[in-house]
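Shown next, in structure tokens, is the structure this report addresses.
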Amino acid sequence: MRRIYKVEYIKTDKAPAAIGPYSQAIKAGDFLFASGQIPINPENGEIDTTTITDQADRVCRNIGEILKAAGTDYEHVVKTTCFLAEMSDFAAFNAVYEKYFTGKPARSCVAVKQLPKDVLCEVEVTAYLG
């Protein structure tokens, strides 16, 4: 039997608007797929932090707002993918990350050559809503 899932686009002004041709997040069936979040301040659209600690905190708060807009929270996140500009920031990033993702979702974390707007980190999440 073939299932057709209703797709719902999630959008909130409490997290940064998409800076390209994509959505903040999409609900599909029992899952939420959120686009990668970078440390943009949603109030002014700027990157106004410079340390990995402050940028990771902003990213996690932005994710929290998207989760809230979708009717869920960090405890329902089942998978994250984390991108760092420098692997030397791994420990500092983790110190912030673990304050938010207390449910310990599955995770990948990689260093990349460059991130949008030259930020230090980006995180995308998948949450289970069922």
Check this for me: Y9, atom OH, are more than 12 non-hydrogen atoms of other residues, nucleotides or ligands nearer than 6.0 Å? no
Within 6.0 angstrom of K79 NZ, more than 12 heavy atoms from elsewhere: yes
Validation row: D73, K68 side chains within 4.5 angstrom (heavy atoms): no
A side-chain contact here means heavy atoms from C-beta on lying under 4.5 Å apart; do Q55 and V119 qualify?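 They are in side-chain contact.
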Is it the case that the side chain of [X] and the backbone of [Y] share a donor-acceptor pair, with hydrogens and angles ignored and the cut-off at 3.5 Å?
X	Y	answer
N62	I40	yes
S35	S23	yes
K117	I47	no

Do the rings of F101 and Y74 sit parallel, tilted or perpendicular, given the 30° and 60° boundaries?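 Ring orientation of F101 relative to Y74: perpendicular.
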Any chance you could measure [X], atom [atom1], to [Y], atom [atom2], to the nearest 0.5 Å?
X	Y	atom1	atom2	result
M87	F93	CE	CZ	10.0 Å
R58	Q37	CZ	CD	10.5 Å
E65	D13	CD	CG	9.0 Å
D48	N41	CG	CG	4.5 Å
N94	D89	CG	CG	11.0 Å
L120	L84	CG	CG	9.0 Å

Tell me whether [X] shares a hydrophobic cluster with [Y], the cluster being built from Ile, Leu, Val, Met, Phe, Trp, Tyr side chains joined at under 4.5 Å.
X	Y	result
V59	I10	yes
L67	Y128	no
I52	F83	no
F90	V112	no
I19	V123	no

Please name the pair of heavy atoms, one in [X] and one in [Y], separated by the smallest distance, quoted to 0.1 Å.
X	Y	value
P16	P42	N-CB, 3.8 Å
P39	C121	CD-O, 3.5 Å
P105	T80	CG-CG2, 4.0 Å
A25	A34	CB-CA, 3.8 Å

Answer yes or no: is there an ion pair linking R61 with D57, defined by an N-O contact shorter than 4.0 Å?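 D57 and R61: salt-bridged.
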Check the pair T12, Q24 against side-chain hydrogen bond (donor to acceptor under 3.5 Å, both in side chains), reporting the backbone distance first and the verdict last. CA-CA 8 Å; T12 177; Q24 284 176 320; 5.7 Å; no
Any cation-pi pair here, R107 with Y97, using under 6.0 Å and within 45°?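 So R107 does make the cation-pi contact.
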